[in-house]
There are 2 protein chains.
Amino acid sequence: MARAANLDEYRRSKVTIREIADLAGVSIATVSRVVNSRGDVAPETRDLVMRVVQEHGYMTNRSARALSGGRTGHIGLTIPLMRGDYFAAILEGALEAVYEEDMRLVLYTTLHEHDREVSVLERLSDGATDGAIILLPEECGFPFVVVDPRIPLDDGIPAVSAAHRAGALAATEHLLSLGHRRIGHISGPAGWAAATERIEGYHSALAAAGVLPTSELIAEGNFEAPSGVAAAHILLDLPDPPTAIFASNDNMAAGVLQAAHERGLTVPGDLSVVGFDDADLATILSPELTTVRQPLAELGRTGVSLLTRMLERQRVEALRVELATRLVVRESTGPPAQR
Amino acid sequence: MARAANLDEYRRSKVTIREIADLAGVSIATVSRVVNSRGDVAPETRDLVMRVVQEHGYMTNRSARALSGGRTGHIGLTIPLMRGDYFAAILEGALEAVYEEDMRLVLYTTLHEHDREVSVLERLSDGATDGAIILLPEECGFPFVVVDPRIPLDDGIPAVSAAHRAGALAATEHLLSLGHRRIGHISGPAGWAAATERIEGYHSALAAAGVLPTSELIAEGNFEAPSGVAAAHILLDLPDPPTAIFASNDNMAAGVLQAAHERGLTVPGDLSVVGFDDADLATILSPELTTVRQPLAELGRTGVSLLTRMLERQRVEALRVELATRLVVRESTGPPAQR
DNA sequence: CTGTTAGCGCATTCAC
DNA sequence: GTGAATGCGCTAACAG
């Protein structure tokens, strides 16, 4: 089948349910039943209709179905930004789930800009989508579930997130068990739920090991690599510098590696570093990063299934899901150097 | 405005054009004219309607508009896979353009699987979208433009791609000008247009400098990092190993860095490496990668504008766009070591 | 089991 | 300038 020479031709070429009905000598309703695989159709009628449908390549018009049925089959997904494998991984999971449910994913980016967030939220309620997966929380009269919430959410808002605290705890314990006592932490931006919970995990591990947390050992970053190198330099410039650094994500851990490289420090010989996320980046770096794996794709996938469940049951349930994280030990951690 | 307690309530809460018309004491047609900013409306009527619209938060229902107007305002975008900043960058550009045109982007992944590609193509023509940006070329009766074609395309298929040949030429010339004569190349998969053109650029630069290309200096990879380390080892195991390696993308260049690291080779001291893409990865690595910048976001953006132009003119034009690439010199290249 | 009948919400002729 | 009427393609009662 060659490409249509122009759009008009393409549009005209679309077969409607009425034409199929006429061709098959049945009513529109019957065709509808067949294509929606309803049970109450005689086998022979079904076969007949199916044949005509096949022959003419009929596909039901989604717009019409949406208008009539009240559901578009689209779900929206807002994401702060595309770059970095972090969000891509979540998106990938969501796409997978959406594909399996024969729905479509309408993508929006907010770029972390407030204006943009507002306008995206507005667009979300224009009927183009049935619901949304949101990577930023806002109140709005629209069915949605928040994935990986940036800030603490009201109860009653469905959300799926990862076990940040437990992951950070495991990461710090790992360092502790290796013999480290001066363990620096590069945190995410203050106010972000994930960043806060990871600090908490770091603190509890320290406390459990009887190590006194010092605020000078915590430097704040913004989840981007450059902030990681800056923070690493601050930490390493300390009179009594850390022998290990736990960064709140892999990007910043990459920054730590870069800073170490600049100072001629070997990893893990002179400095151990642990990341968080287990993004693709973690295994691309040398040495490969010891990090905490977040089930990113699962996050996206779970978000979709939560949403579709809400959509089907016709009512919003307050559901909270927390997915487990786990430490992945690779090459960037080892015992501290002897003094 | 609090969240609707359940979906039914949410759905009922949507205001229709008819209600606005009644409230404003005008006809449906008038409201339609106003919200679509048609000229032929009296200023006072316009203001009145606008006020009512604002007050009730009316938004025109996209499904109804799509059914009535024959255009959904959605455009599809198929992408092989989400991971890696490469496709993300293209997607980002496309999203930007789509946002500006007040359209929506429906995302599909093919995972490079043939079955998946076919089913995605089918879904594309179900009326959910007006047209598509495709990262894989197939003939189908549907308006689309191919971005970054994987294989050579028939004339007559609108496409936008980057200047692979020129970029590879610049990269190789750079190495040559530094004094390198044994320059290895890690290519992309055979048959991919981008890979082939980059090899051609590499060859012409060599030829222009009077250096005889040797096939042993070309190793094939698959654009992923592990294939880069494998290929690098092959090249470096040569009796007369290269002093510089030009990898066909940044992922594989990262693999080369990793291989060098494993062998205790310093970059660029013992080995120079050049990548291609200038993905985010390039500046996260240490040393930062000298690479050829592809205008990834521009690729996506241009794809969208090409498509919308096609959609508006109501006919398919055969347009071919090639966007310029440019060499970005960073830390991973330098003169060859003295023998 | 199957056909008939109503809309779904909107854009768009046309008259006025 | 404005309103009434028509249809986009389909699903969902209902009736037979």
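Within every chain, numbering begins at 1; the chains are lettered A, B, ... in the order of the sequence lines, protein sequences first and strands thereafter.
For A/Y86 and A/D280, the side-chain atoms include no donor-acceptor pair closer than 3.5 Å.
Between the CG atom of A/D22 and the C1' atom of D/dG9 there is a distance of 13 Å, rounded to whole Å. Counting to the nearest Å, the C1' atom of D/dA12 and the CZ atom of A/R71 are 15 Å from each other. Nucleotide D/dA12 holds its C1' atom 9 Å from the CZ atom of A/R33, rounded to whole Å. If you measure from atom CD1 of B/I17 to atom C1' of C/dC10, you get 6 Å, rounded to the nearest angstrom. Between A/I28 atom CD1 and C/dG3 atom C1' the separation is 10 Å, expressed in whole Å. Note: CZ (B/R38) to C1' (C/dT12) measures 9 Å, nearest angstrom.
With B/T110 contributing its side chain and B/E113 its backbone, the two residues share no donor-acceptor pair below 3.5 Å. The backbone N or O of B/E298 lies less than 3.5 Å from a partner atom in the side chain of B/T302, making a donor-acceptor pair. The backbone N or O of B/A97 lies less than 3.5 Å from no partner atom in the side chain of B/E100, so there is not a single donor-acceptor pair. Side chain of B/E101 to main chain of B/V98: no donor-acceptor pair is present (N/O by atom type, distance under 3.5 Å, no hydrogens or angles). At distances below 3.5 Å, at least one donor-acceptor pair connects side-chain atoms of A/N61 with backbone N or O atoms of A/S63. Although no hydrogens or angles enter the test, the distance criterion places a donor-acceptor pair under 3.5 Å between the side chain of B/T308 and the main chain of B/S305.
For residues 46-54 of chain A, proximity to DNA chain C is found at no residue, defined as any non-hydrogen atom under 4.0 angstrom from a strand atom. Across residues 62-69 of chain B, B/L67, B/S68 each have a non-hydrogen atom less than 4.0 Å from an atom of DNA chain D (numbered order).
Between A/N36 and D/dT11, a side-chain N or O to OP1/OP2 separation shorter than 4.0 Å is present. Look at A/T30 and you'll find a side-chain N or O under 4.0 angstrom from OP1 or OP2 of C/dG3. Of the side-chain N and O atoms in A/S32, one or more sit less than 4.0 angstrom from OP1 or OP2 of D/dT11.
Side-chain proximity of A/T45 to C/dT2, C/dC10, D/dG9: nearest is C/dT2. Between D/dT2, D/dG9, C/dT4, one nucleotide has an atom nearer to the side chain of A/A29 than all others, and that is C/dT4.
Contacts of A/D115 classified as side chain to side chain contact (heavy atoms under 4.5 Å, CB included), with partners at least two apart in sequence or in another chain: none.
Under the 6.0 Å distance and 45° angle rule, B/R116 counts as a cation-pi partner of A/Y99.
Counting any heavy atom pair closer than 4.0 Å across all strands shown, A/V26 reaches sugar-phosphate atoms only and no base atom. The residue A/D40 sits close to a base: some heavy atom pair falls under 4.0 Å.
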